[in-house]
2 protein chains.
Amino acid sequence: MAETETSRPKRSNDPVAMRRRILDVAAEAFQARGYHATSTHDIMHAAGVTGGALHHHFPSKKALALAVIRERVAAAVRETWIEPIQAAPTARDGVLAVFGRTARELDERRRVLGCPVNNLAIELALADAELRQALQDVFAEWQAAILRKLRADQETGAVGPADPDAMAAFVVMSFSGAMALAKTRQSTEPLETCARQLKAMLGGDAAGAAPDPAAA
Amino acid sequence: MAETETSRPKRSNDPVAMRRRILDVAAEAFQARGYHATSTHDIMHAAGVTGGALHHHFPSKKALALAVIRERVAAAVRETWIEPIQAAPTARDGVLAVFGRTARELDERRRVLGCPVNNLAIELALADAELRQALQDVFAEWQAAILRKLRADQETGAVGPADPDAMAAFVVMSFSGAMALAKTRQSTEPLETCARQLKAMLGGDAAGAAPDPAAA
DNA sequence: TCAAAAACCGGTCAACCGGTCTGTTATTGT
DNA sequence: ACAATAACAGACCGGTTGACCGGTTTTTGA
């Protein structure tokens with residue numbers, strides 16, 4: 001009578017799904033509360049995972065952070081930034097579309113969590129060289145995608161900034177800063193302000209604005 | 001013979017200096033390692049202070065953070081940003097001077113620690129409402145100082161951006177983002193790139209560039 | 001088929017963290 | 001002069017943190 005089907009502790013191993021669950025929970029927690037403010041126990045409990053499983057897939061908390069950066073944060077940047085930029089007709093359109101979409105999504109939530117890359121970069125860049133490199137790689141990939149689009153625009157004869165390399169970097173940094181402000185103020189207004197300013201730099205509203213005919 | 005002057009445990013209370021020492025050490029540690037990565041024991045040891053003294057002046061770690069923000073971070077912003085901006089002939093000159101000075105100082109150190117306000121804002125804005133408000137106040141004071149100068153420029157007839165309010169916010173956020181990038185890359189290059197782009201927005205090299213004669 | 005490896009369990013541990021407490025010394029108000 | 005109070009000393013504590021490890025179950029591969 002103690003051998004009913006409920007007493008049978010059947011288990012099925014699914015290491016891929018297990019790893020994914022841990023990574024999802026960790027990525028969310030790291031963004032919402034930060035790396036140091038999140039304990040491994042928090043992650044274990046939230047993911048419904050035992051210490052043994054966590055330690056099996058990620059031997060240390062740092063290893064977990066590294067995986068989150070390389071597999072989740074980088075993926076988020078690709079999805080929200082790189083792909084939309086590539087798909088857009090011009091870099092300017094792509095950038096503005098991303099800003100608009102980000103602001104809209106933030107309005108729907110009640111909390112502004114900030115930019116995942118930026119959050120972790122500021123907390124971890126000085127803590128560990130390997131983590132810093134991983135973060136740097138994400139920033140570099142992001143910036144490179146914008147630069148690629150900017151260069152493609154130039155070849156198709158569209159109006160564009162004088163220095164595409166600097167402009168690509170500037171888009172990344174002003175977005176990061178805007179998200180930091182938005183997080184502090186808990187408002188999307190900085191995002192909109194930033195978008196408006198970048199819009200002016202990436203070419204006026206009409207076809208040909210006044211970027212550089214008077215320069216040099 | 002055991003009563004030499006070295007064996008006399010004379011103590012002289014100097015609560016103001018004591019408080020200042022704690023605050024100095026805490027501000028430095030919070031910027032270099034972050035809030036959560038710094039323990040109260042670290043601060044006690046680095047400042048040569050006992051737990052009793054620390055607790056007497058700052059009843060909790062949060063209270064210490066609040067004091068650091070309001071008395072050290074805010075002061076740093078006033079010294080490195082607000083005063084130079086006020087003293088400069090125009091907002092444009094002031095902003096560029098601050099960027100130049102910051103990049104130069106960072107070059108002299110071997111580590112880029114990032115912007116103190118931004119660092120703490122990203123780590124603490126979501127952790128506590130009171131801390132968030134204090135950080136927001138610092139950002140607001142910073143932005144207001146730039147705006148004041150921008151408006152003063154307009155009244156003296158100098159060329160300036162169409163929307164001074166948005167531009168003031170944009171300077172703050174792009175600087176924050178540039179510092180985040182600089183911290184991640186451990187390079188001052190993002191600072192210089194950002195300065196160059198802002199320079200173009202705040203009026204060209206020569207007296208009258210092409211900011212808005214074609215604008216609506 | 002069956003040993004080896006991978007996946008997972010869950011308890012344990014030392015170090016640490018932030019805070020509290022009691023006691024001692026210095027300063028101040030009257 | 002002398003309480004009252006502020007300033008400081010330093011031990012102490014409960015809870016947490018990240019990591020570790022022996023054991024069990026599942027899967028793999030030959």
Side-chain angles (χ1 to χ4, degrees), chain A residues 3 5-27 29-30 32-68 120 123-124 127-128 130-131, chain B residues 3 5-27 29-30 32-68 120 123-124 127-128 130-131:
Chain A
E3 291 291 334
E5 68 272 20
T6 58
S7 70
R8 192 146 43 118
K10 203 57 160 298
R11 197 180 75 190
S12 64
N13 289 352
D14 190 348
V16 177
M18 170 77 81
R19 204 187 117 98
R20 185 170 49 78
R21 264 225 320 289
I22 296 172
L23 231 37
D24 285 341
V25 167
F30 286 167
R33 271 163 283 157
Y35 175 79
H36 290 292
T38 303
S39 74
T40 54
H41 291 278
D42 289 341
I43 295 170
M44 280 164 47
H45 185 263
V49 164
T50 63
L54 178 60
H55 185 260
H56 175 73
H57 288 282
F58 306 100
S60 70
K61 195 185 177 186
K62 174 190 159 180
L64 178 56
L66 211 48
V68 165
L120 289 178
E123 196 177 356
L124 300 174
D128 182 275
E130 213 169 345
L131 292 173
Chain B
E3 291 292 332
E5 67 271 20
T6 57
S7 69
R8 195 148 39 120
K10 201 60 156 299
R11 199 181 74 190
S12 65
N13 289 351
D14 190 348
V16 177
M18 171 74 82
R19 206 188 116 98
R20 186 170 47 78
R21 265 227 318 290
I22 296 172
L23 231 36
D24 285 341
V25 168
F30 287 167
R33 270 163 283 157
Y35 176 79
H36 291 293
T38 303
S39 73
T40 54
H41 292 276
D42 290 342
I43 295 170
M44 282 164 46
H45 187 261
V49 164
T50 62
L54 178 60
H55 183 259
H56 176 74
H57 289 281
F58 306 98
S60 69
K61 195 184 178 187
K62 173 189 160 180
L64 178 56
L66 211 48
V68 165
L120 290 178
E123 197 178 357
L124 300 175
D128 182 275
E130 213 169 345
L131 292 173

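Heavy-atom basis, side chains included; hydrogens, waters and symmetry copies ignored. A, B, ... follow the sequence lines: proteins, then strands. Residue 1 opens every chain.
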Tell me the interatomic distance from [X], atom [atom1], to [N], atom [atom2], rounded to whole angstroms.
X	N	atom1	atom2	answer
B:Met44	C:dG19	CE	P	12 Å
B:His45	D:dG10	NE2	P	13 Å
A:Ile43	D:dT17	CD1	P	11 Å
A:Asp42	D:dG15	CG	P	17 Å
A:Arg19	C:dC8	CZ	C1'	16 Å
B:Tyr35	C:dC17	OH	P	13 Å
B:Phe58	D:dC8	CZ	P	11 Å
A:Phe30	D:dG18	CZ	P	9 Å

State which of [options] makes the closest approach to the side chain of [X].
X	options	result
A:Asn13	D:dT26, C:dG19, C:dT27	D:dT26
A:His55	D:dG18, D:dC8, D:dC20	D:dC20
A:Thr50	D:dA6, D:dT27, C:dC8	C:dC8
A:Ser12	C:dA6, D:dC8, D:dT27	D:dT27
B:Thr40	C:dC8, C:dG18, D:dA9	C:dG18

- Quick one: does B:Asp128's side chain have a donor or acceptor within less than 3.5 Å of a partner on B:Glu130's backbone?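 Yes, because the side chain of B:Asp128 sits within donor-acceptor range (under 3.5 Å) of the backbone of B:Glu130.
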- So, B:Glu123 side chain and B:His36 main chain: donor-acceptor pair closer than 3.5 Å or not?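 Side chain of B:Glu123 to backbone of B:His36: a pair is present.
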- Query: Looking only at heavy atoms, what is the nearest atom pair of A:Ile43 and A:Ala26, with distance?
  - Reply: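 Where A:Ile43 meets A:Ala26 most closely, the heavy atoms are CD1-CB, 4.0 Å.
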- Return the minimal non-hydrogen interatomic distance between A:Ala67 and A:Leu23, and the atom names on each side.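 So the two residues come closest at CB-CD1, 3.8 Å.
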- Task: Report which part of the nucleic acid B:Ser39 touches: base, sugar-phosphate, or nothing (heavy-atom distance under 4.0 Å, all strands).
- Result: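 Since only primed, P, OP1 and OP2 atoms lie under 4.0 Å of B:Ser39, the category is sugar-phosphate.
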- Is the cationic atom of A:Lys61 (NZ for Lys, CZ for Arg) positioned less than 6.0 Å from the six-membered ring centroid of A:Tyr35 and within 45 degrees of its normal?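 Yes, a cation-pi geometry.
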- Any N/O donor-acceptor pair, A:His41 side-chain to D:dG18 base, under 3.5 Å: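 Between D:dG18 and A:His41, which were checked side chain against base, a qualifying N/O pair under 3.5 Å is present.
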- Closer than 4.0 Å, any side-chain N/O of A:His57 to the OP1 or OP2 of C:dA6?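 Answer no for this pair, as no side-chain N or O of A:His57 is under 4.0 Å from OP1 or OP2.
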